[in-house]
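Data block below; observations after.
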Amino acid sequence: MPNMFPTLASEDFLSSRCIWVNGPVIVGAGPSGLAVGAGLKNQGVPFIILERANCIASLWQNRTYDRLKLHLPKQFCQLPNFPFPEDFPEYPTKYQFISYLESYAKHFDINPHFNETVQSANYDETFGLWRVKTIATGGPNPIGVEYICRWLVVATGENAEKVVPEFEGLQDFGGHVTHACDYKSGQSYSGERVLVVGCGNSGMEVSLDLCNHNANPSMVVRSSVHVLPREVLGKSTFELAVSMMKWLPLWLVDKILLILAHLILGNTEKYGLKKPCVGPLELKNTAGKTPVLDIGAFQKIRSGEIKIVPGIKKFSRGRVELVNGETLEIESVILATGYRSNVPSWLKENEFFSSEGVPKNPFPNGWKGKGGLYAVGFTRRGLSGASLDAISVAHDIAKSWKEETKQKKKSMAARHRRCISHF
Ligand SMILES: Cc1cc2nc3c(=O)[nH]c(=O)nc-3n(C[C@H](O)[C@H](O)[C@H](O)COP(=O)(O)OP(=O)(O)OC[C@H]3O[C@@H](n4cnc5c(N)ncnc54)[C@H](O)[C@@H]3O)c2cc1C
Ligand SMILES: NC(=O)C1=CN([C@@H]2O[C@H](COP(=O)(O)OP(=O)(O)OC[C@H]3O[C@@H](n4cnc5c(N)ncnc54)[C@H](OP(=O)(O)O)[C@@H]3O)[C@@H](O)[C@H]2O)C=CC1
Ligand SMILES: O=C(O)C(=O)Cc1c[nH]c2ccccc12
């Protein structure tokens, strides 16, 4: 018997709309998307920003811990054309940074479409247009929307999704397992033995915060890590590196950074923090691995308050077995295992973006693709890299928007004249 009630795809239940955008569609209302928006506003170009969360800068507002501060000095973190307030400290807190971003959006009158997740973006070769499909969940029912535009700006970030590795036996562990993006404070871990998996800036700072709340962290270092002091003789290490880069080759700057780190912190390898073979800046540029800028975790490692342990073999009820055969009894696990881009899941394009979801061309040539495609904030250079991209992208789009608008006006005027001459 034929099926009288064929099942409908979930999309069929959505009412849908199609919208022509006179200008670019920007995906993501983080610092990168806001900075492009500001540049476009300054040049009179209309645009829309689509944001899956219900606020701007959702990484900063929803997916970071309470005690987070910017770890680069403020002059490297402000966005174009709107400086930080003068009374901001050298390393603003995340709350100060968020309030700055709110003022930034207000100043440039940027109003993203919140609760609207981009599901796919395809380039229509025939018409030379982008078709961007979203699901908007702000109203009583989800709505499917399709935007048609000439320019598409990808500003979804290098940290769009958490990385959650699979571990044997984790389902039997029975304790609390959280990713660093959901960790707010060590308060609820007081007195607990906690396994922190990963030793990047997140792993280090979460471990430090746990110590400050009387918990006992063990931090997994499965391979290697560069630990640099955040400051050298009161001057930011990052700033020092940027100044040296003007005169010296990268390898030499890396050597000097490692010598300074050794003078200030001593031999970090003695405590189980094996150093990578490649220098800290070279590693950041080639593999995107950020060196740790230490704000006090290393002192806790030296004192034994943070225990360093090797890679994980498997979990079992209330325990973890390590690759060296040692077993630890633990109450909780925090996965400080990093983040990844989500571009491959929605952008139907594989010439400009790699399979990891970052532009294939290295900095400074990774911001412009073909057919009006742009990327902002994928340079592995934090907020200062995002600002540089945003300036280039806004300038380039404004130029071609103005040319096309002028041409359209010309051809409309010509059509108008032809119409008049008929009378
Ligand atoms: C804990 C932490 C601390 C950091 N500290 C510093 C620092 O001190 N200095 C520095 O320079 N950098 C720092 N960074 C790097 C960080 O990536 C940048 O600061 C900055 O947030 C990058 O901005 P962005 O706009 O490119 O990406 P994001 O801030 O991640 O913004 C991207 C936005 O896109 C939205 N989005 C994603 N997918 C979709 C979709 N499909 N549809 C619609 N919207 C979508 C997201 O919800 C998000 O709001 C830090 C990162 C982390 C994780
Ligand atoms: N104050 C600040 O400004 C802060 C900035 N940040 C930034 O946020 C970004 C993300 O940092 P972070 O979250 O630390 O992520 P990272 O990608 O820098 O580090 C991930 C860590 O997890 C480890 N890891 C991944 N998978 C496994 C596994 N299966 N077993 C054991 N270890 C594993 C990695 O080890 P391996 O190297 O062996 O792969 C690495 O040590 C960085 O750019 C960082 O600088 C983060 C926190 C604070
Ligand atoms: O914190 C981050 O994620 C950054 O990307 C900031 C950053 C850019 N370049 C760097 C080099 C060394 C340490 C941090 C950074």
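This one's a predicted model, so the numbers in the text were calculated from it and none came from an experiment. Order of appearance sets the numbers: ligands from 1, and atoms from 1 within every ligand.
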Check your understanding: Hey, does F97 sit under 4.0 Å from ligand 2 if you only count heavy atoms?
Key -> no

Nearest non-hydrogen protein atom to atom 18 (O) of ligand 2, with distance, is G200 CA, 4.1 Å

Practice task
Examine S223 against ligand 2 and note whether any of their N/O atoms are separated by less than 3.5 Å.
Solution key: yes

Starting from the N and O atoms of ligand 1, collect every protein N/O partner closer than 3.5 Å and put each pair on its own line with the distance to 0.1 Å.
| residue | atom | partner | partner atom | Å |
| --- | --- | --- | --- | --- |
| ligand 1 | 8 (O) | H71 | N | 2.9 |
| ligand 1 | 11 (O) | L383 | N | 2.7 |
| ligand 1 | 17 (O) | N159 | ND2 | 2.8 |
| ligand 1 | 21 (O) | W60 | NE1 | 2.9 |
| ligand 1 | 25 (O) | P31 | N | 3.2 |
| ligand 1 | 25 (O) | S32 | N | 2.9 |
| ligand 1 | 25 (O) | S32 | OG | 3.3 |
| ligand 1 | 26 (O) | S32 | OG | 2.6 |
| ligand 1 | 38 (N) | N342 | ND2 | 3.0 |
| ligand 1 | 41 (N) | V118 | O | 3.3 |
| ligand 1 | 42 (N) | V118 | N | 3.0 |
| ligand 1 | 44 (N) | R52 | N | 3.1 |
| ligand 1 | 47 (O) | E51 | OE2 | 2.6 |
| ligand 1 | 47 (O) | R52 | NE | 2.9 |
| ligand 1 | 47 (O) | S58 | OG | 3.0 |
| ligand 1 | 49 (O) | E51 | OE1 | 2.8 |
| ligand 1 | 49 (O) | E51 | OE2 | 3.2 |
| ligand 1 | 49 (O) | S58 | OG | 2.9 |

Inset, instruction - State whether the shortest distance between N or O atoms of N159 and N or O atoms of ligand 2 falls below 3.5 angstrom. - result: no

>> Any atom of ligand 2 sitting under 4.0 Å from a heavy atom of M204?
In response: no

> Do any nitrogen or oxygen atoms of F167 lie less than 3.5 angstrom from nitrogen or oxygen atoms of ligand 2?
Replying inline: no

Within the heavy-atom cut-off of under 4.0 Å, ligand 3 is lined by H71, L72, F238, K284, T290, P291, L293, R381, G382

Note: ligand 2 atoms sitting under 4.0 Å from heavy atoms of P165 are 26 (N), 29 (N)

among protein heavy atoms, the one nearest atom 37 (O) of ligand 2 is K289 NZ, 2.6 Å

Check your understanding: Do S224 and ligand 2 have an N or O pair less than 3.5 Å apart?
Key -> no

Judged by heavy atoms only, the candidate from R222, R230, R67, E158 nearest atom 28 (C) of ligand 2 is R222

Filtering S202, G198, C77 for the heavy atom nearest atom 11 (O) of ligand 2 leaves S202

Here the atoms of ligand 2 under 4.0 Å from any heavy atom belonging to Y339 are 10 (C), 13 (O)

- Run the contact test for I312 against ligand 2 with a 4.0 Å cut-off on heavy atoms, strictly below, and give the result. no

If we number the atoms of ligand 2 from 1 as shown, the ones under 4.0 Å from a heavy atom of V197 are 30 (N), 31 (C), 32 (N)

Residue pairs meeting side chain to side chain donor-acceptor pair (under 3.5 Å), one or both in residues 207-217, sequence neighbours left out, come to Y183-D209

Looking only at protein heavy atoms, what sits closest to atom 41 (O) of ligand 2 is C199 N, 3.0 Å

Among non-hydrogen protein atoms, atom 42 (C) of ligand 2 lies closest to T290 OG1, 3.4 Å

message: So for G311, does at least one of its heavy atoms come nearer than 4.0 angstrom to any atom of ligand 2?
response: no

Judged by non-hydrogen atoms, does A180 sit under 4.0 Å from ligand 2?
no

Looking only at protein heavy atoms, what sits closest to atom 6 (N) of ligand 2 is N201 CB, 3.8 Å

Of all heavy-atom pairs linking R150 and W130, the shortest is O-CD1, 3.6 Å

Check: residues 27-45 side-chain donor-acceptor pairs under 3.5 Å, at least two apart:
| residue | atom | partner | partner atom | Å |
| --- | --- | --- | --- | --- |
| K41 | NZ | D109 | O | 2.9 |
| Q43 | NE2 | G39 | O | 3.1 |

If you scan protein heavy atoms around atom 48 (C) of ligand 2, the nearest is Y65 OH, 3.2 Å

Separation between OG (S202) and NZ (K162), nearest 0.5 Å, reads 13.0 Å

Nearest non-hydrogen protein atom to atom 16 (P) of ligand 2, with distance, is G338 CA, 4.2 Å

Does the protein put a heavy atom under 4.0 Å from atom 8 (O) of ligand 2? no

